[in-house]
Amino acid sequence: MSTTASFELMIFDWDGTLMDSVPRIVSSMQAAARDVEWGELAPEAVENIVGLGLPEAVEILCPGISAAHSARLRERYAHYFVHADPTPMTFFGGAEARLERLHCRGVSRLAVATGKTRRGLDRVFTETDSARWFHASRTADETRSKPDPLMLAELLDELDVPASRAVMVGDTEYDMAMARALGMPRVGVSYGVHKSERLAAFAPLHIAHDIDGLFDWLEASAVKTAPATAAT
């Protein structure tokens with residue numbers, strides 16, 4: 001599916017959309033659950049909550065868990081994800097070059113809307129030197145978790161862009177749902193955690209099956225803007 005629309009703002013999910021981090025999320029969450037003696041979490045169950053804020057994800061994965069055990073599980077997850085899990089975590093192949101190309105062309109502004117914490121997003125920004133590509137970002141711990149649309153509404157307000165002139169790009173139905181709630185156009189990617197059928201239920205303008213297909217579509221839908229310095 002294609003569109004003749006052009007967008008002033010392109011908002012990206014992070015995990016499973018730009019960065020191939022889902023395997024580390026899964027293994028870190030499984031290790032954390034074992035540490036707090038919750039039991040073994042199925043990989044598919046963990047994959048399904050990628051994109052949500054961590055407290056909301058734990059509530060779904062571990063129904064009935066006490067507040068104390070939830071806090072401990074989240075602490076152990078952070079330990080594994082940041083320090084102890086050796087699972088590789090990199091941008092999907094070609095994503096860095098295509099983001100750089102969008103940035104250098106002075107096209108539509110770019111932003112991030114993620115289930116990560118601010119600390120986690122800033123860490124990966126620093127490690128990958130990627131903050132310079134984005135004009136704004138929102139994380140789940142400084143607003144409401146997906147699928148609530150508040151993080152998108154805040155980005156639109158900060159950058160003074162109407163919902164109709166922005167597009168949300170993500171790999172989960174949570175991304176699609178929060179964009180739809182604002183009447184914002186949306187693009188799904190099928191190489192993340194939710195399959196095309198789940199994304200299609202939210203009537204995206206396009207579903208991309210790889211990085212090049214995604215950025216080819218985005219470049220064709222970008223509008224020229226005055227050059228600006230990206231900031232987070």
Side-chain angles (χ1 to χ4, degrees), residues 11-36 38-54 56-58 60-61 73-103 110-134 137 139-141 146 169-175 187-196 198-199 207-216 218 232:
I11 305 174
F12 294 87
D13 169 57
W14 195 267
D15 297 306
T17 298
L18 294 178
M19 182 159 278
D20 188 9
S21 45
V22 173
R24 186 185 292 189
I25 292 171
V26 171
S27 57
S28 296
M29 188 64 77
Q30 289 177 316
R34 288 191 291 267
D35 280 1
V36 301
W38 181 263
E40 193 68 29
L41 295 175
E44 297 80 6
V46 182
E47 289 175 358
N48 189 57
I49 53 78
V50 172
L52 298 178
L54 190 53
E56 293 78 9
V58 171
I60 293 172
L61 280 172
L73 191 153
R74 299 196 308 268
E75 183 277 326
R76 295 308 296 163
Y77 169 79
H79 165 74
Y80 284 109
F81 189 81
V82 177
H83 302 293
D85 193 315
T87 307
M89 187 175 66
T90 61
F91 281 104
F92 286 105
E96 290 175 281
R98 298 304 296 265
L99 284 164
E100 180 74 17
R101 180 165 151 178
L102 275 179
H103 171 72
L110 310 180
V112 173
T114 178
K116 287 184 173 297
T117 62
R118 170 52 59 187
R119 184 177 180 181
L121 182 61
D122 285 348
R123 181 188 306 111
V124 75
F125 274 169
T126 298
E127 291 173 349
T128 60
D129 188 30
S130 55
R132 59 195 173 83
W133 295 327
F134 303 103
S137 59
T139 61
D141 62 330
K146 303 172 185 179
V169 181
D171 69 314
T172 70
E173 62 182 35
Y174 315 125
D175 301 307
V187 169
V189 301
S190 65
Y191 53 80
V193 296
H194 288 173
K195 302 303 182 185
S196 295
R198 293 179 69 172
L199 302 173
I207 297 178
H209 303 297
D210 54 40
I211 286 290
D212 283 336
L214 171 63
F215 280 90
D216 287 348
L218 292 175
T232 58

- Message: Between His103 and Leu99, is the side-chain contact (heavy atoms from CB on, under 4.5 Å) condition met? List the steps.
- Response: CA-CA 6 Å; His103 171 72; Leu99 284 164; over 6 Å; no
- Ser130 and Phe91: CA distance, side-chain angles, deciding distance, side-chain contact (heavy atoms from CB on, under 4.5 Å) verdict: CA-CA 11 Å; Ser130 55; Phe91 281 104; 4.1 Å; yes
- Message: Between Asp13 and Lys146, is the side-chain contact (heavy atoms from CB on, under 4.5 Å) condition met? List the steps.
- Response: CA-CA 11 Å; Asp13 169 57; Lys146 303 172 185 179; 2.8 Å; yes
- For Thr114 and Thr139, run side-chain contact (heavy atoms from CB on, under 4.5 Å): C-alpha distance rounded to whole Å, both residues' side-chain angles, the deciding distance at 0.1 Å, then the answer. CA-CA 5 Å; Thr114 178; Thr139 61; 3.8 Å; yes
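- To the nearest 0.5 angstrom, Ser190 atom OG is 4.5 Å from His209 atom NE2.
- Note that the CG atom of Leu18 and the CG atom of Leu214 stand 8.0 Å from one another [nearest 0.5 Å].
- Closest approach of Ala208 and Gly213 over heavy atoms only: CB-C, 4.0 Å.
- The closest donor-acceptor contact from the side chain of Ser21 to the backbone of Met89 lies at 3.5 Å or more, if one exists at all.
- For residues 87-99, every residue pair satisfying the salt bridge (Lys or Arg N to Asp or Glu O under 4.0 Å) rule, not counting sequence neighbours, is listed here: Arg98-Asp212, Arg98-Asp216, Arg98-Glu219.
- Taking OG1 of Thr126 as the reference point, atom CG of Leu121 lies at 9.5 Å (rounded to 0.5 Å).
- From Asp141, atom CG reaches atom CG of Leu54 across 10.0 Å, with rounding to the nearest 0.5 Å.
- Atom OG1 of Thr172 sits about 7.5 Å away from atom CG of Leu199, to the nearest 0.5 Å.
- Residues Leu41 and Arg34 are not in side-chain contact: their nearest non-hydrogen atoms beyond the backbone lie 4.5 Å or more apart.
- Residue Pro23 comes nearest to Asp20 through the heavy atom pair CD-OD1, 3.7 Å, listed as atom of the first residue, atom of the second, then distance.
- By the neighbour-count criterion of 12 heavy atoms within 6.0 Å, atom CZ of Arg123 is densely surrounded, having more than that number from other residues, nucleotides or ligands.
- A search for ring pair (Phe, Tyr, Trp, His ring centres under 6.0 Å) contacts involving Phe81 returns Tyr77, not counting sequence neighbours.
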Please output the side-chain donor-acceptor pairs of residues 42-53 that fall under 3.5 Å, not counting sequence neighbours, one pair per line with the distance.
| unit_1 | atom_1 | unit_2 | atom_2 | d |
| --- | --- | --- | --- | --- |
| Asn48 | OD1 | His194 | NE2 | 3.2 |
| Asn48 | OD1 | Arg198 | NH1 | 2.9 |
| Asn48 | OD1 | Arg198 | NH2 | 3.0 |

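- Phe134 and Phe12 have perpendicular rings, their planes meeting at more than 60° on a 0 to 90° scale where under 30° would count as parallel.
- Note that CG of Leu218 and CG of Leu102 are 6.5 Å apart. Values are rounded to the nearest 0.5 Å.
- Between Tyr80 and Asp35 the shortest side-chain heavy-atom distance falls below 4.5 Å.
- Judged purely by atom type and a 3.5 angstrom limit, Tyr191 has no side-chain atom pairing as donor or acceptor with the backbone of Gly16.
- Among Thr87, Asp15, Val193, the one residue that satisfies the side-chain contact (heavy atoms from CB on, under 4.5 Å) test with Ile25 is Asp15.
- Proximity of a side-chain donor or acceptor of Thr17 to a complementary backbone N or O of Trp14 within less than 3.5 Å is not detected.
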